[in-house]
Amino acid sequence: MAKTSKKEMEGEVYYPSEQVVTQARVKDWEALASKAEKDLEGFWEAEASELEWYKKWDKVLDRSNPPFFKWFVGARTNIVHNAIDRHLKTHRKNQLALIWESEDGKEERTFSYYAMNREVSRMANVIKSMGVKKGDRVTIYMGRIPEIAFAMLACAKIGAIHSVVFGGFSVDALQGRIDDSQSKLVITMDRSFNNGKVIPLKQTVDEALKRCPTVENVIVVKRVDEDIPMEAGRDHWYHDLLTLPIANGKCPTEELDAEDPLYILYTSGSTGKPKAILHTHGGYMVGTYATLKYVFDVQDEDRYWCAADPGWVTGHSYIVYGPLINGTTSFMFEGGPTYPYPNRWWQCIEKYGITILYTAPTAIRGLMRFGEAWPNKHDLSSLRLLGSVGEPINPEAWKWYHRVIGKEKCPIMDTWWQTETGMFMITPTPTVPLKPGSGTRPFFGQTAEIVDEEGKPVEDGNEGYLVLKNPWPSMLRTIYGDDERYVKQYWTKNPGKYTTGDSAKRDKDGYYWIIGRVDDVIKVSGHRLGTAEVESALVSHSAVAEAAAIGLPHEMKGQGIHCFVILRSGVAPSAELAEELRQHVAHSMGAIARPEEVKIIDKLPKTRSGKIMRRVLKARAQGLPEGDVSTLEE
Ligand code: PRX
């Protein structure tokens, strides 16, 4: 890619090479963007028409009851029909859908679309035999193995709603999510592997289920050849279930309404418990299909690798659904990037001829730390596109990724989006000139705005709140079971617009620069955690009376968690206790939430109405001005 500084664009700009332009599906970004701008419904209708429907829509978008938008109204579909069934009638049937490699590299499993159908159908039949019906919730708590995708697809196939809980979460986080969703069934595995560590998933399920009365059955996929406790009547080995006649490879795909729920996924918000974000079959299917097609420009010959975890939205949209709907060959790796050595990913790219790599800035920074020698040992020439997601990518990491991994020929798709959006919202496509650290402009059909406290657009170059103006097909439909919170959280502060919770700037070229969250969400290594969850983990410890958690900049993780606690009277402060509290948070929420530090203090800054002023704690910790403290109690 030629690195030039054209006068008409501000800052450092990377233009696409001729080869990228020749190969690209969208050569004229401006033309497609302006077409979608003029006719939003028409744009999405054309995308939807590329897929198969049992019955087409009567109306593309129903705006009659905002913010409860409906897409493809009256259409009949099932996302699995487009992710799997439709490919079985074409040359894709025998193409690879999934290539998987174990952490230790000793095992490899591959599944064609035909095989995928068989595996998903068998699991769907097993789930059905446990009494799971359309609309029932199923919690999935697994590591990165093919069965996590089968489980999600099996639920979708029969119209059940999956709720995947990230395998790095621990007891309290899992219990809260099972309980809130009222799941009847949990699908898990004995153990998982991650970056050299063994995670005892089933043991965590056992602990969580002591407080989850709705769960009737647990399906356990065996990953390790060791015995673990199984509760008779409740726990079932998946490999045993597969020997039953019911587990045959034929299962009809349930015909659903386009607006029927597909999944819920819990994510942290500004206050209180994590929110169950609800996505539906029809719109989400079209949104993930079109964005992956245009942004990563997937082609039949690609070997696409989204290195996220299936337990986060990135995995839902761009490991499972988007790639399958596009008929892509995906790679899934069980382990992490640096175990046993920091060349683990580069080995995989060379071995499988990966052409597209999509990962997070935190992983890039982590790999950068080990130097160029590791990637340089491997042939990475198969790569043609790179991607980034989850947090702002610092220009230094961007340039390293571009030069050392992409050999200056692979454009980087910096995709800004959220669990709530379901699909990329601010993102380039391969031919768009890039600026390191900017996700460029909104995707086709979307308009973003940067507004001030009163909701008025700010001038370019100034920081403000990022809002989105148009509905989009894969938008969340509500917070499951809490329509009121949905309206309040996203649509009240800026009426008629979707409030993202992020702050950003727009430059004079119309490029967006995300600054970060403006609410009490902390992004640790790209993982979204809420201060409220960390605080409630802390106060669940018998020594703690009150707690506050904040995110502070962290070189590797983007943000790290810093906590302040007030002890109960009579409890003596000590360094050992502070350390115990760090471990306590990790035990109850998961290792990703382990605070960088826990400080024992006597007083927390609060407003007169008793709200903790985390903003003040943050400023103090960084030695910055405390801002407006007029509401601070005394
Ligand atoms: O702050 C933004 C950040 O991640 C938040 C959404 O987190 P989550 O729902 O966990 O989804 C992450 C994966 C889609 C956003 O509000 N974020 C996500 N992508 C980017 C980003 N910040 C800057 N640049 C990005 N590319």
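Order of listing sets the numbers, starting from 1, for every ligand and every atom in it. These numbers come from a predicted model, not from an experiment.
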Taking it one step at a time, do Lys273 and Glu533 satisfy salt bridge (charged side-chain N to carboxylate O under 4.0 Å, His left out)?
CA-CA 7 Å; Lys273 286 193 308 182; Glu533 294 158 83; over 6 Å; no
Take Arg365 and Glu396 through the test salt bridge (charged side-chain N to carboxylate O under 4.0 Å, His left out) and record every step on the way to the result.
CA-CA 9 Å; Arg365 288 193 296 266; Glu396 195 196 354; over 6 Å; no
CA sep, side-chain torsions, deciding dist, call: Arg528, Glu420, salt bridge (charged side-chain N to carboxylate O under 4.0 Å, His left out):
CA-CA 12 Å; Arg528 181 164 161 182; Glu420 291 88 340; 2.8 Å; yes
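Using a 30° and 60° split on the angle between ring planes, Phe444 and Tyr294 fall in the perpendicular class, above 60°.
Within 4.0 Å of ligand 1, counting heavy atoms only, the contacting residues are Val313, Thr314, Val389, Gly390, Glu391, Pro392, Asp414, Thr415, Trp416, Trp417, Gln418, Thr419, Asp502, Ile514, Arg517, Lys523, Arg528.
Atom CE of residue Met152 and atom NE2 of residue His316 lie 4.0 Å apart, to the nearest 0.5 angstrom.
Aromatic rings of Tyr498 and Trp491 (six-membered ring for Trp) have centroids within the 6.0 Å cut-off, being under it.
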